[in-house]
Amino acid sequence: MSVSSPVIIALDFPELASVEQFVAQLDPAQCRLKVGKELFTRFGPDVVRRLQSQGFEIFLDLKFHDIPNTVAAAVAAAADLGVWMVNVHASGGAKMMAAARKALLPFGQDAPLLTAVTVLTSMSSEELKHIGVQADAQEQVSRLAALAAESGIDGVVCSAWEVEMLKLQRGEDFVLVTPGIRPEGADSGDQKRIATPARAIEMGSHYLVVGRPITRSDKPMDALAAINQSLS
Ligand SMILES: O=c1ccn([C@@H]2O[C@H](COP(=O)(O)O)[C@@H](O)[C@H]2O)c(=O)[nH]1
């Protein structure tokens, strides 16, 4: 299926009824959906199957980070589920990422896109220091993206502010997924490295992950339409 918008909506809802009520208003030709830790932990693979049966492409955002054997098995389970994209944490290291890549070989053309989270968009360079990383966010993203590319990963999750750099370093085909998207004037919440949808696309993001600015809006469909409009 060809989806006309780069927007991936983060379905961070605590109840299935809210998800269903929200999704009923969406057209699968106009956006993709992201199932993350909250929804998956509450409702499991069934929620993914349900959304897929309605025609949506699903980004399973569980950010696997474990020993290589465990991550490889988890990524294969995601592929069995038929998701469009799955991800791991790049900081799990090259062996872990290579094992994830290898686990998808039997799926051939049907394998999901495999991406790696670099530095969470909720983290500033200052916070990186607190976990012992002396590099600033840009430098750390660059390092982890290089490791991901060398490990056969299709692309990374980063902030929009690292996209121009990564395009130069990794080329046009390296998939760049950017959360931390905030329309002008929207509450940044816990996000630190934010950009507007238009700016993120201008800098070269392939996919924009947007949650609360749409899902917590009084008029979610208007919020989505305004974002899509700002991109045309
Ligand atoms: O670096 C990252 C990686 C993943 N996320 C996820 O994206 C959405 C963003 O939601 P908002 O409500 O638009 O802030 C959320 O599900 C995160 O788990 C991220 O924000 N940053």
Side-chain angles (χ1 to χ4, degrees), residues 5-14 18-19 22-23 26 31-43 47-48 51 56 58-65 78 83-92 113-125 127-128 131 133 136-138 140-145 148 153-163 166 175-201 203 205-218 220 223-224 226-228 230-231:
S5 164
V7 173
I8 303 173
I9 303 179
L11 293 179
D12 296 325
F13 289 103
S18 316
V19 175
F22 177 76
V23 168
L26 296 171
C31 64
R32 294 178 175 85
L33 302 177
K34 183 174 87 66
V35 172
K37 290 184 163 123
E38 180 182 11
L39 208 58
F40 196 82
T41 304
R42 285 192 186 280
F43 306 109
V47 73
V48 173
L51 296 164
F56 291 96
I58 304 300
F59 170 16
L60 186 64
D61 178 26
L62 297 181
K63 305 181 184 71
F64 298 130
H65 188 174
V83 300
W84 164 74
M85 183 188 287
V86 62
N87 63 359
V88 301
H89 260 292
S91 48
L113 280 170
L114 177 61
T115 55
V117 177
T118 53
V119 175
L120 291 167
T121 51
S122 57
M123 295 190 83
S124 61
S125 297
E127 259 187 288
L128 280 180
I131 58 163
V133 177
D136 66 14
Q138 284 263 330
Q140 183 67 359
V141 168
S142 168
R143 174 178 299 135
L144 290 173
I153 301 290
D154 297 313
V156 292
V157 180
C158 59
S159 95
W161 300 102
E162 289 97 38
V163 160
L166 290 181
V175 176
L176 300 169
V177 183
T178 57
I181 299 299
R182 289 293 181 271
E184 206 66 62
D187 183 8
S188 56
D190 51 359
Q191 297 283 11
K192 294 279 165 42
R193 303 191 335 278
I194 62 171
T196 65
R199 190 76 183 99
I201 289 294
M203 291 192 280
S205 296
H206 293 112
Y207 300 106
L208 311 180
V209 175
V210 193
R212 289 162 289 184
I214 296 173
T215 57
R216 300 291 181 269
S217 160
D218 293 339
L224 174 60
I227 290 173
N228 280 330
S230 75
L231 304 178

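Whatever order the structure lists them in is the order used to number ligands and atoms, beginning at 1.
- Judged by distance alone, with hydrogens and angles left aside, the side-chain atoms of Ser205 form no donor-acceptor pair with the main-chain N or O of Ala160 at under 3.5 Å.
- Note that Arg216 lies outside the cation-pi zone of Phe22, set by a 6.0 Å cut-off to the ring centre and a 45° limit from the axis.
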Next item on the list: Assess whether side-chain contact (heavy atoms from CB on, under 4.5 Å) is satisfied between Phe40 and Val48, documenting all intermediate values.
Entry: CA-CA 8 Å; Phe40 196 82; Val48 173; 4.2 Å; yes

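- For Thr121 and Gln191, the side-chain atoms include at least one donor-acceptor pair closer than 3.5 Å.
- Sorted by chain and number, the heavy-atom contacts of ligand 1 below 4.0 Å come from Ala10, Asp12, Lys34, Asp61, Lys63, Leu120, Thr121, Val157, Pro179, Arg182, Gln191, Val209, Val210, Gly211, Arg212, Pro213.
- The heavy-atom pair separating Val117 from Lys63 by the smallest distance is CG2-CG, 3.8 Å.
- Below 30°, between 30° and 60°, or above 60°: for Trp84 and Phe59 the angle between ring planes is above 60°, a perpendicular geometry.
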